[in-house]
Amino acid sequence: MDPYISTYRYQVTATTTLIRDNYSYLEKGAVANDVYQLAGRVMAIRRHGKIVFAVLHDGFGKIQLVFRYDVLKTKEKKWKLLEILNVGDVIGVRGRPSRTLRGELSILVEDFDILSITWRDYPEKWHGLADVDKRYRLRYLDMMLNESVRQAIINIYRIEKAFRDFLDAHGFIEIHTPKLQPIYGGALARPFTTRIHALNTNAYLSIAPETYLKRAIIANFFKVYEIAVCFRNEDIDAEHYPEFIQIEIYEAFSDWEDMMRLVEHMMNYAIEETYGDSVIEIHEGDEIIELNFKPPWRRVSIEDAIEEFGNIKVRNRDYNELLEIAENLGIEIKDPRRGKIIEKIFEKVAQPHIKQPTYITMFPRDISPLARPSRKDPRYAERFEIYVNGLEVGNGYSELNNPIVQYYFFKKEEELRRKVLEKFGEIEIHPMDKDYVRALEYGMPPTAGVGIGIYRLIMALHKLPSIKDSIPFIFIQPEEFQTIAERDTEILKYYIKKLNLENREK
RNA sequence: GGGCCCGUAGCUCAGCCUGGUAGAGCGGCGGGCUUUUAACCCGUAGGUCCCGGGUUCAAAUCCCGGCGGGCCCGCCA
């Protein structure tokens with residue numbers, strides 16, 4: 001019996017979810033009359049002689065299997081098969097819902113088939129896969145065995161789906177922007193460079209979909225979004241990874257206040273859909289923090305937040321005073337922009353304290369080259385950032401739609417880079433994008449936009465220690481190892497012969 | 001880019017400080033067991049101590065270099 005030769009499918013008629021939903025009424029020792037077929041991976045086996053307990057994971061959840069010698073139909077043959085069953089094998093079982101004497105809802109198995117076998121030993125049941133290197137290297141095992149990783153991955157899907165459903169209901173469509181671009185933009189970050197051989201040209205990987213989604217706005221797609229992969233060639237830490245997912249949303253005829261309202265309602269909807277409530281509990285050490293996503297969220301300007309949490313007044317300070325404040329806080333100035341210094345001070349003294357979903361508003365103009373200057377004070381932009389559980393998860397603004405001013409800001413960025421290069425070294429600026437300016441010259445309506453980091457959001461909601469824990473598969477340097485076919489050439493020969501793989505037509 | 005830590009059986013780890021040539025639990029394999037939940041009991045096999053070099057009579061252990069991974073700081077979301 002070799003399932004890799006003989007078995008191509010299994011007819012599944014029920015899931016663990018269905019069994020749990022419909023048979024919770026079963027009394028201890030009871031067996032239902034209905035017969036179902038489930039399939040999945042064997043996660044544990046407890047052998048007791050003529051009765052064997054196993055745990056099946058069918059992708060939805062786990063359920064106990066009970067194999068009884070007197071019940072298994074074609075006894076001798078199947079019992080022999082059961083004796084060689086391993087944790088990690090994939091099986092299909094036919095049986096009846098039941099509850100054991102100890103009260104565990106189970107499937108009393110009447111027949112089963114092995115659908116595929118594992119060639120490798122699975123991690124042990126106590127600690128599972130815990131070594132960080134092995135967890136990332138064998139991420140499929142990590143995802144299979146570690147429930148927190150599994151939950152994060154499932155909830156990324158749910159949140160993304162809820163975002164899509166919400167935006168759909170509000171008349172938005174999703175448009176995919178290019179990941180290969182001649183000029184990068186939409187954020188201040190170092191890009192990956194690559195090469196398009198077909199065009200004999202260099203290209204950048206997208207650091208953000210922003211400038212393309214705004215081109216879509218210009219094209220009369222007045223409500224657009226994208227759940228986009230972004231690439232930024234920066235170093236990795238607990239909160240940063242070179243490849244991440246953002247949802248970016250742009251809505252014409254709106255300003256930043258409209259966008260804040262849209263975002264808090266969308267987020268609240270997604271949280272309710274995913275976690276069943278607007279309020280979710282997060283365990284931080286011994287204490288439990290309740291995060292409440294019900295709109296409206298608190299709004300506080302970045303300078304007020306610094307004053308509130310850090311007891312430091314930065315409004316209307318002159319440049320040298322700001323430098324001194326930063327220095328006293330132990331902040332090393334690598335980028336001399338006034339706004340950057342304020343942002344650094346904010347990150348140091350205020351950000352860790354902001355637990356509840358909060359809009360930090362009125363960001364400095366000079367670090368917001370794509371945002372529209374404030375109608376009240378041109379030193380600020382109509383720009384907000386979203387904070388949840390001390391993490392920055394999003395950023396939005398009234399979009400700058402004036403092509404003349406946009407050109408001027410791009411020009412200023414380039415000048416700034418040249419000016420500070422000698423004293424501070426390379427800083428990230430937004431590069432001149434004349435093609436984007438030309439698009440604006442065709443007329444972009446007043447528009448508001450936002451970007452929300454999905455991995456960051458999940459990280460905040462699940463209190464994950466590292467952003468990597470929310471990313472399904474991460475980059476890892478290849479290691480030397482042997483496949484089973486390399487290790488055991490007899491097995492290789494067996495399959496080549498058995499499946500006639502070298503029988504060529506001549 | 002700077003600093004710190006880790007790499008030992010399939011898995012989780014001890015041994016390293018203080019050098020004497022490898023251990024436990026789980027898992028595997030064999031046996032027993034018809035209601036277990038990390039089942040239990042008996043037996044048994046299993047190692048490139050990440051790689052390379054050095055010191056030493058002797059290196060998993062000390063030193064140097066490399067590879068892989070993690071954490072913190074700087075830059076970026």
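Each chain gets a letter, A, B and so on, in the order the sequences are listed, and its residues count up from 1. Only this structure's heavy atoms are used, side chains among them; waters, hydrogens and symmetry mates stay out.
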- Item | Parallel, tilted or perpendicular: rings of A/Y36 and A/Y23 (30°, 60°) | perpendicular

- Can you say whether the rings of A/F192 and A/F231 are parallel (under 30°), tilted (30 to 60°) or perpendicular (over 60°)?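 Because their plane-to-plane angle is over 60°, the rings of A/F192 and A/F231 count as perpendicular.
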
Just checking [X]: base, sugar-phosphate only, or nothing, at a heavy-atom cut-off of under 4.0 Å?
X: A/L391; answer: nothing
X: A/I476; answer: sugar-phosphate
X: A/E428; answer: nothing
X: A/E239; answer: base
X: A/Q246; answer: nothing
X: A/Y455; answer: nothing
X: A/D131; answer: sugar-phosphate
X: A/R137; answer: sugar-phosphate
X: A/G128; answer: sugar-phosphate
X: A/K340; answer: sugar-phosphate

In whole Å, measure the gap between the [atom1] atoms of [N] and [M] for me.
N: B/rC73; M: B/rG52; atom1: C1'; answer: 32 Å
N: B/rC76; M: B/rG66; atom1: C1'; answer: 30 Å
N: B/rU48; M: B/rC33; atom1: P; answer: 37 Å
N: B/rU56; M: B/rG19; atom1: C1'; answer: 9 Å
N: B/rG68; M: B/rC41; atom1: C1'; answer: 42 Å
N: B/rC29; M: B/rU35; atom1: P; answer: 23 Å
N: B/rC26; M: B/rC40; atom1: P; answer: 7 Å
N: B/rU8; M: B/rA60; atom1: C1'; answer: 7 Å

Side-chain donor/acceptor contact of [X] with base of [N] under 3.5 Å:
X: A/D235; N: B/rG74; result: yes
X: A/H127; N: B/rC11; result: no
X: A/Q477; N: B/rG69; result: no
X: A/D335; N: B/rC76; result: no

Starting the side chain at C-beta, find the nucleotide from [options] nearest to [X].
X: A/S466; options: B/rC33, B/rU35, B/rC71; result: B/rC71
X: A/K334; options: B/rU35, B/rC75, B/rU12; result: B/rC75
X: A/R47; options: B/rU12, B/rA77, B/rC33; result: B/rC33
X: A/E124; options: B/rC75, B/rU35, B/rG27; result: B/rG27
X: A/D121; options: B/rU35, B/rC11, B/rG10; result: B/rG10
X: A/Q64; options: B/rC72, B/rC76, B/rU37; result: B/rU37
X: A/Y69; options: B/rU34, B/rU12, B/rC75; result: B/rU34

Could you check how far [atom1] of [X] sits from [atom2] of [N], rounded to whole Å?
X: A/N86; N: B/rG28; atom1: CG; atom2: P; answer: 7 Å
X: A/M43; N: B/rC26; atom1: CE; atom2: P; answer: 20 Å
X: A/R120; N: B/rG27; atom1: CZ; atom2: P; answer: 21 Å
X: A/L101; N: B/rA39; atom1: CG; atom2: C1'; answer: 15 Å
X: A/N146; N: B/rU12; atom1: CG; atom2: C1'; answer: 12 Å
X: A/R487; N: B/rU48; atom1: CZ; atom2: P; answer: 11 Å
X: A/L329; N: B/rC73; atom1: CG; atom2: C1'; answer: 16 Å
X: A/I236; N: B/rG1; atom1: CD1; atom2: P; answer: 13 Å

- Message: For A/L85 and A/R68, find the nucleotide of RNA chain B closest to each by heavy atoms; which residue's nucleotide sits nearer the 5' end?
- Response: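 Result: A/L85.
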
- Task: Decide whether A/Y184 and A/R190 meet the rule of one side-chain donor and one side-chain acceptor closer than 3.5 Å.
- Result: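 No pair is found: no donor N or O on one side chain lies under 3.5 Å from an acceptor on the other.
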
- Message: Would you say the ring centers of A/Y397 and A/W256 fall short of 6.0 Å from each other?
- Response: no

- Message: Is the distance from the ring center of A/F346 to that of A/Y387 below 6.0 Å?
- Response: yes

- Message: Applying the Watson-Crick and G-U wobble criteria at under 3.5 Å, what pairs with B/rG68? Answer none if nothing qualifies.
- Response: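 Here B/rG68 is engaged in a pair, and the nucleotide opposite it is B/rC6.
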
- Message: Using Watson-Crick or G-U wobble geometry with both distances under 3.5 Å, which nucleotide pairs with B/rC76?
- Response: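 Across all strands, not a single nucleotide pairs with B/rC76.
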
- Kindly give the heavy-atom pair with the smallest separation between A/L291 and A/K355, and that separation in Å. CD2-O, 3.3 Å

- Message: Determine whether the aromatic ring of A/H48 stacks with the base of B/rA39, defined as ring centroids separated by less than 5.5 Å and ring planes inclined by less than 30°.
- Response: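 Yes; by the centre-distance and plane-angle rule, A/H48 counts as stacking on B/rA39.
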
- B/rA77 pyrimidine/purine six-ring stacking with A/F244, under 5.5 Å and 30°: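 So A/F244 counts as stacking on the base.
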
- Between the side chain of A/Q351 and the main-chain N/O of A/G390, is any donor-acceptor distance below 3.5 Å?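 Yes: the side chain of A/Q351 pairs with the backbone of A/G390.
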
- Task: Using atom types as modelled and distance alone, determine if a side-chain donor or acceptor of A/N395 lies under 3.5 Å from a backbone N or O of A/E385.
- Result: no

Counting just side-chain N and O atoms, does [X] come under 4.0 Å of either OP1 or OP2 of [N]?
X: A/K344; N: B/rG74; answer: no
X: A/K125; N: B/rG27; answer: yes
X: A/K134; N: B/rU12; answer: yes

- Message: Would you say that more than 12 heavy atoms from the other residues, nucleotides or ligands in this model lie under 6.0 Å from the CZ of A/R94, or not?
- Response: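 No, CZ of A/R94 has 12 or fewer neighbouring heavy atoms, counting only those of other groups under 6.0 Å.
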
